[in-house]
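For reference, the structure discussed in these notes is given below.
Model, not experiment: these values are computed from the prediction. Ligands are counted one by one from 1 in listed order, and the atoms in each one are counted from 1 as well. Numbers here are sequence positions counted from 1.
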Amino acid sequence: GIDPTFETSRDVADEHEGHTVWGPVDEPETLGIHGTHVAVDFDICIADGACLEDCPVDVFEWTDTPDHPESEIKADPANEAQCIDCMLCVDVCPVDAIDVDPG
Ligand code: SF4
Ligand code: F3S
Ligand code: ZN
């Protein structure tokens, strides 16, 4: 699953749609972690979709990741500032790709 210590173990590699991308990034096969308060490890996400379906405030949006070995779309935490820390997404993701840190 996602490494919950990513903020210290990884470096900022990029920005995407207003949120941080934590490296390493080497497209298309290595995509890193998108978001910080709501963090999705794109290299673990298999596009199950439970997080998009269950988030009560629609934090996630699909983003295209062509040629990534796990899936060609990912759940992007596009609206992470809206998160109400309910932890549903963390509980439902079958591959433990999401970390939510209420701070
Ligand atoms: Fe949405 Fe709850 Fe996950 Fe926050 S913790 S992104 S509100 S499902
Ligand atoms: Fe991906 Fe897990 Fe959501 S596999 S689409 S982060 S439920
Ligand atoms: Zn993103």
Side-chain angles (χ1 to χ4, degrees):
I2 187 171
D3 174 6
T5 70
F6 68 89
E7 284 180 76
T8 49
S9 64
R10 293 178 177 229
D11 293 320
V12 174
D14 203 354
E15 193 161 304
H16 179 237
E17 304 285 341
H19 55 260
T20 299
V21 179
W22 301 85
V25 173
D26 185 12
E27 296 176 4
E29 58 279 330
T30 305
L31 300 175
I33 291 175
H34 282 231
T36 303
H37 182 103
V38 180
V40 180
D41 192 325
F42 274 23
D43 295 308
I44 295 174
C45 174
I46 57 170
D48 175 84
C51 57
L52 274 93
E53 287 168 26
D54 289 1
C55 178
V57 292
D58 295 330
V59 162
F60 303 98
E61 294 177 5
W62 291 121
T63 193
D64 293 325
T65 57
D67 299 323
H68 187 268
E70 296 297 340
S71 59
E72 300 212 329
I73 54 172
K74 304 292 178 183
D76 200 29
N79 307 305
E80 70 174 347
Q82 295 176 17
C83 176
I84 56 171
D85 302 325
C86 72
M87 298 297 173
L88 262 176
C89 59
V90 173
D91 292 340
V92 296
C93 178
V95 290
D96 200 14
I98 308 173
D99 181 65
V100 174
D101 182 4

Between K74 and H68, a side-chain donor and acceptor under 3.5 Å:
yes
Any idea which protein heavy atom is nearest atom 3 (Fe) of ligand 1, and the distance to it?
C89 SG, 2.3 Å
Testing the basics here: between P77 and G35, what is the closest heavy-atom pair and its distance to 0.1 Å?
CG-CA, 3.9 Å
Determine whether the side chain, the backbone, both or neither of W62 has a heavy atom under 4.0 Å from any heavy atom of ligand 2.
side chain
Numbering the atoms of ligand 2 from 1, which are under 4.0 Å from a heavy atom of A75?
3 (Fe), 5 (S)
Tell me if a side-chain donor or acceptor on T65 pairs with a main-chain N or O of S71 at a distance below 3.5 Å.
yes
Atom of D58, atom of N79 and distance for their closest heavy-atom approach
O-ND2, 2.9 Å
N, O or S from C89 under 2.8 Å to atom 3 (Fe) of ligand 2
no
Nearest protein heavy atom with distance in Å, relative to atom 3 (Fe) of ligand 2:
C51 SG, 2.3 Å
Between C45 and atom 1 (Fe) of ligand 2, is there a contact where an N/O/S atom of the residue lies under 2.8 Å from the metal?
yes
When you compare the side chains of H37 and D101, does any donor N or O come within less than 3.5 Å of an acceptor on the partner?
no
Side chain to side chain contact (heavy atoms under 4.5 Å, CB included) partner of W22, chosen from D14, D11, D41, T36:
T36
Under 2.8 Å from atom 1 (Fe) of ligand 1, is there an N/O/S atom belonging to C83?
no
Just need the protein heavy atom nearest to atom 4 (S) of ligand 2, so name the residue and atom and give the distance.
I46 N, 3.4 Å
What atoms of ligand 2 come closer than 4.0 angstrom to any heavy atom of A47?
1 (Fe), 4 (S), 5 (S)
For ligand 2, which part of V92 has a heavy atom less than 4.0 Å away: the side chain, the backbone, both, or neither?
neither
V57 touching ligand 1 at heavy-atom level, < 4.0 angstrom:
yes
Of all protein heavy atoms, the one nearest atom 2 (Fe) of ligand 2 is C93 SG, 2.3 Å
Go through ligand 1 atom by atom and flag the ones less than 4.0 Å from a non-hydrogen atom of C55.
1 (Fe), 6 (S), 7 (S), 8 (S)
Which of the atoms in ligand 1, numbered in the order shown and given with their element, are less than 4.0 Å from a heavy-atom of F60?
6 (S)
Closest approach of any protein heavy atom to atom 7 (S) of ligand 1, naming residue and atom
I84 N, 3.4 Å
Checking heavy atoms under 4.0 Å, the part of I44 that sits near ligand 2 is neither
Using a heavy-atom cut-off of under 4.0 Å, does the side chain or the backbone of M87 touch ligand 1, or both, or neither?
backbone
Atom 2 (Fe) of ligand 1: the protein heavy-atom neighbour that sits closest, reported with distance to 0.1 Å:
C86 SG, 2.3 Å
How far is atom 5 (S) of ligand 2 from the closest protein heavy atom, and which atom is that?
G49 N, 3.2 Å
